[in-house]
Number of protein chains: 2
Amino acid sequence: MPEDSNVDMEETTLWPLPTPNLCKVCNGTSTGVHYGVQSCEGCKAFFKRAICQYGQSKCYFGGTCLITPETRGRCKACRLQKCLSEGMALDGTKVGRGRGLRNFRAQGSTPSGSPSSSTSVMTPFHSSAGPIRTTSPAGSPAKSIISRPPGADQGHDFIERGCFATAGKPLIIMQPFEHLRRGIPHNVIVNVNNSNTTRDSSCISVKEDEDAVNDREAPKSPQTLGVCLDKIMERELIVHRNATAAQRNAGRFSFMSSYLALLAERNKRLEDTVSGVTEAVAFTYRGQIEDWSHFMARSLSENDDIVLKPDTTIDNLIVTLQASIVNDTELLVEFCRHLPGFSELSRREQARRLSAKFTTAWLLNRAPYVRNRELFSVIGKHHYGRYWMETLLDSQFVRLLFDFMESVNELNLSLTENYLLMAVICLQPSPHLCDPDSIQYVKFLYSHYLDALMHIFSTRHSGNFIQLRSVLMQALAIDALHLRYVSLLDFSRSPIRPVNGIEYSPTLCEVKDDRQPLSDL
Amino acid sequence: MPEDSNVDMEETTLWPLPTPNLCKVCNGTSTGVHYGVQSCEGCKAFFKRAICQYGQSKCYFGGTCLITPETRGRCKACRLQKCLSEGMALDGTKVGRGRGLRNFRAQGSTPSGSPSSSTSVMTPFHSSAGPIRTTSPAGSPAKSIISRPPGADQGHDFIERGCFATAGKPLIIMQPFEHLRRGIPHNVIVNVNNSNTTRDSSCISVKEDEDAVNDREAPKSPQTLGVCLDKIMERELIVHRNATAAQRNAGRFSFMSSYLALLAERNKRLEDTVSGVTEAVAFTYRGQIEDWSHFMARSLSENDDIVLKPDTTIDNLIVTLQASIVNDTELLVEFCRHLPGFSELSRREQARRLSAKFTTAWLLNRAPYVRNRELFSVIGKHHYGRYWMETLLDSQFVRLLFDFMESVNELNLSLTENYLLMAVICLQPSPHLCDPDSIQYVKFLYSHYLDALMHIFSTRHSGNFIQLRSVLMQALAIDALHLRYVSLLDFSRSPIRPVNGIEYSPTLCEVKDDRQPLSDL
DNA sequence: TTTGGTCATAGTTCAGT
DNA sequence: ACTGAACTATGACCAAA
Ligand SMILES: [Zn+2]
Ligand SMILES: [Zn+2]
Ligand SMILES: [Zn+2]
Ligand SMILES: [Zn+2]
């Protein structure tokens, strides 16, 4: 320490300012200001690695190693210490050609965090930089995806269940049998001979002797398992005196009542939420529902042959379609604004979420009006069904849309359930849709609405949870497709195609399990 | 968060900011409209580079990365995708500069056409004359040069209007003459197959014609759905002023808190129950678990060939088996007595229930020690596995037992889950096991324990509810078999066979339509 | 106001040790 | 396992239109 500071003093006093090309850490040739300090390439890279990936290191020479271009490799601890004492830091690094404003930090006394002893703790912790990322030049082989920060955890579990299943932590410490199961036997049981168990195995043999002597040895008469069990039950249970019936009932009641009250209260909450959805529908989609129901009923009754003819020109239809998209979006926004709890999301997240969910909501809204691969919806004054969809859109894409709508249809949802499902889907807590501070809340909302859906869904005989789960998964795929394809579609001209020229392919629907690093969110 | 400040501004001004200075791509601070989109310097430069010099890139995180100022550097593919879906395009619409021309010339071999069309290709095929050749990796030609579709205008005039001009929506102010100002009327064939003569003026004139034809709504300005959605969202959501972050948090809290309190209370109940099970295990099965785990681990590690040899005589084994049955029964009774709520059953029902569940519990207790069709359990001092089972018992019956244990195994249960499952099964409310006055209570207990099981089961990724349901059904079958067959087995002599002479057959497992409350699953 | 260009600095790679 | 020269990517700033 004294050594270093002397050197610093001399340099700064005798050659006060520039030392234009010297690394403040090792005195080598500097290539500019890195991490706030005039430094060389080596010290720059070393500092980054030291902060991001090295573990602890310690000086073995007393902590006062001189750092020069020749010696800087000899003691990592002292080199890092020097970096820190010169003011290097990863935080607040400006990307791009920012002003080197941070230089003032190096002035005056060494910054607060500089360790005085030479045991530098190289934590793997890092600020916003994220794990070291590899970018690939075109066509390079696959890159490894670097370790994911601990924050980004479970992805799909919450698809399966509602609040009651996910809210709260795991209840108990798992002592999984998996170690045994997976057939890697050797490292499993370390506590082989810890016979300090409360109940050691000898008791078995003890009992064995007793019972063998008492019950079974002498009589050779057949003894069924049933008889044996009865005897043991009698013996065992008689030891514990049982309460009277009245006492039992009291016990039962106290055990059940509060829990049942909880369940009742929960059901009331869920029903409130369902009512909220019903009201939201009445405020928004109701007109559409009536129109389309009527239209479908009429079309189906008039004419068994369901292939409907086009009733306008492409250009007119495109204009109408654009308008209907606007209308649908407005309805979706309005619908979600009526959902209890939704308004507590930030406006920006609302916008992000609903933009991302447009396609899925569009499909859910229309699913009830699909019959025999035809869609009976009306936009403007025109029937917008398979004919126009196939005319305007990629046919594989259209097939996917119908597949999804038919999947939804197989659920046989009631009207309320259908829009409850829409709410659930609009609230799926995908990381890329959540504000950083809203993830927990959205997870709550999602599972709450899912609870509500499951609640009314399960009261019906047809409740098909597997299919429901499948639909939720498909919705995620549609969301992915929306981002990658649908939102790039140019709806202003006749073959509606994406502006980036990447045509539809099923791979666009793939939902990978990967989560992008969310460390600093 | 920048958003908060915006919200605050909003609160004070009472008038929604028309377009906050936010980058449409990354939500950072915008510096104006670049390439047709309100964007920041970074996204502007990125887009330019991405189009002109980068090769293709691909997302390694699933293709739905969130793009924020902090995260935008992590995934080029998603950033570019977002740029495109927001409508960014390189073309000559805002040709304001000659520098680029100079640059093109300096590069040599520039297509000499008008500067605005130099990169204008709508197809996924890239123009062979890539304008800027850089040091991009060798042989990565395929980057389609994106161009703004003809007719796209830029700047604020478009932003002010709803996208798609919101045909039929009176609240939007049309600016039908905006394009007249810019474009020279020009009769070009309507561009379903957009010819590459994408001069700005021509496209605008086309659009004008369309406007005139279609009752002056919906100018055909090519826009992606993504842009459209953004604009509507902005318009719709801006009408409803959002609360401050603090207000939102308060709202969230009030919405969540009582419900979460319910959940917490419920989880506490479940947790209590699970703890009860864990304690019950510690009091009863713990010694067995340790012994058998150790035995299995040792057996598997010593010897890949798992066929274990008999280590005693049949007569000895039968005696030992009898003793172990006694022991198992005692353990089962003791285990269930520790289960919260179980003691409130009448002694008679306890006995009836546990007698009936003996076989199922026996199997559940041993399922974790089954590997490759071998059972690694120890009774007395002897291994009791497939060899002895098949020697003593009906081989079809043995096969059934192994089938069930392997089904249980497939659930990959933790230790606690395994015995929680045992509790659930012991509490199945079959009518023939219940006292008349206890049916409701048993149903409650059953669903309570099932809740607890589902709860911890669902927190694990492997939660396989279908398999769980299947196991519960199989358990009922085993119960039926126990009554009809197992309890009649005479364990006192060597081939263990039923005293009534009715040999095992699968029909004995049939469960009458007993209407078990499995709908809870 | 928007454009292309600049360039200091950040991040990444890979042969060398 | 670490190092660092060389390379690529980023974006604030700028001058020009
Ligand atoms: Zn240096
Ligand atoms: Zn040192
Ligand atoms: Zn941006
Ligand atoms: Zn990505």
Side-chain angles (χ1 to χ4, degrees), chain A residues 23 25-26 28-55 57 69-70 72-76 79-80 88 90 92-103 122 126-138 140 143 146, chain B residues 23 25-26 28-55 57 69 72-76 79-80 90-104 106-107 115-116 131-132 134-137 154-156:
Chain A
C23 171
V25 177
C26 73
T29 307
S30 147
T31 63
V33 176
H34 301 295
Y35 304 108
V37 173
Q38 176 104 344
S39 51
C40 66
E41 279 296 312
C43 292
K44 161 195 155 192
F46 169 81
F47 182 72
K48 180 65 192 286
R49 282 194 297 261
I51 298 298
C52 290
Q53 56 193 98
Y54 295 166
S57 68
E70 295 74 33
R72 63 191 180 198
R74 292 181 194 158
C75 178
K76 278 196 290 207
R79 190 180 187 183
L80 176 58
M88 275 195 177
L90 284 189
T93 53
K94 292 250 175 183
V95 193
R97 191 178 176 172
R99 303 181 52 206
L101 198 52
R102 290 176 56 258
N103 286 337
M122 300 184 179
H126 60 279
S127 61
S128 67
I132 293 190
R133 183 174 51 91
T134 58
T135 55
S136 70
S140 83
K143 298 296 178 175
I146 317 295
Chain B
C23 170
V25 177
C26 73
T29 306
S30 146
T31 62
V33 174
H34 303 295
Y35 307 110
V37 171
Q38 179 104 355
S39 52
C40 66
E41 281 294 313
C43 292
K44 163 196 154 191
F46 170 81
F47 184 72
K48 183 66 191 295
R49 282 193 301 264
I51 298 302
C52 293
Q53 44 187 278
Y54 297 162
S57 64
R72 64 191 178 201
R74 292 181 191 161
C75 181
K76 283 207 282 255
R79 191 183 188 182
L80 177 58
L90 272 195
D91 66 358
T93 47
K94 193 72 178 183
V95 189
R97 35 147 315 303
R99 187 74 191 273
L101 279 178
R102 266 183 259 134
N103 195 33
F104 285 141
Q107 297 285 340
S116 65
I132 299 179
T134 64
T135 64
S136 65
Q154 74 297 318
H156 292 311

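By convention in this document, chain letters (A, B, ...) are assigned in the order of the sequence lines, proteins followed by strands, and residues within each chain are numbered from 1.
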### Task
Can you tell me which residue pairs pass the salt bridge (Lys or Arg N to Asp or Glu O under 4.0 Å) test with a partner in residues 29-40 of chain B, sequence neighbours excluded?
none
### Task
Go through the structure and list residues passing side chain to side chain contact (heavy atoms under 4.5 Å, CB included) with Arg74(A), not counting sequence neighbours.
Thr71(A)
#### Entry: Ser39(B) to Cys23(B) - nearest heavy-atom pair and separation
CA-SG, 3.7 Å
### Task
Could you state the atom-to-atom distance from CZ of Arg74(A) to C1' of dC2(D) in whole Å?
16 Å
### Query
Centre of Phe46(B)'s six-membered ring, under 6.0 Å away, within 45 degrees of the axis: is that where NZ or CZ of Arg72(B) sits?
no
### Query
Atom NZ of Lys48(A) to atom C1' of dT9(C): distance rounded to whole Å?
12 Å
### Task
Take atom NE2 of His34(A) and atom C1' of dT10(D), then tell me their distance rounded to the nearest Å.
15 Å
So which protein nitrogen or oxygen atoms get under 3.5 Å of nucleotides 3-6 of chain D's nitrogens or oxygens?
{"residue": "dT3(D)", "atom": "OP2", "partner": "Tyr54(A)", "partner atom": "OH", "Å": "2.7"}
{"residue": "dG4(D)", "atom": "OP1", "partner": "Arg72(A)", "partner atom": "NE", "Å": "2.6"}
{"residue": "dG4(D)", "atom": "OP1", "partner": "Arg72(A)", "partner atom": "NH2", "Å": "2.9"}
{"residue": "dG4(D)", "atom": "OP2", "partner": "Arg79(A)", "partner atom": "NH1", "Å": "2.9"}
{"residue": "dG4(D)", "atom": "OP2", "partner": "Arg79(A)", "partner atom": "NH2", "Å": "2.9"}
{"residue": "dG4(D)", "atom": "N7", "partner": "Arg49(A)", "partner atom": "NH1", "Å": "3.1"}
{"residue": "dG4(D)", "atom": "N7", "partner": "Arg49(A)", "partner atom": "NH2", "Å": "3.3"}
{"residue": "dG4(D)", "atom": "O6", "partner": "Arg49(A)", "partner atom": "NH1", "Å": "3.4"}
{"residue": "dA6(D)", "atom": "N6", "partner": "Glu41(A)", "partner atom": "OE1", "Å": "3.2"}

### Heavy-atom pair with the smallest gap, counting every atom of Cys40(A) and Thr29(A)
CB-O, 3.1 Å
### Query
OP1 or OP2 of dT1(C) less than 4.0 angstrom from a side-chain nitrogen or oxygen of Tyr35(B), does that happen here?
no
### Message
Is any side-chain heavy atom of Leu90(A) closer than 4.5 Å to one of Cys52(A)?
### Response
yes
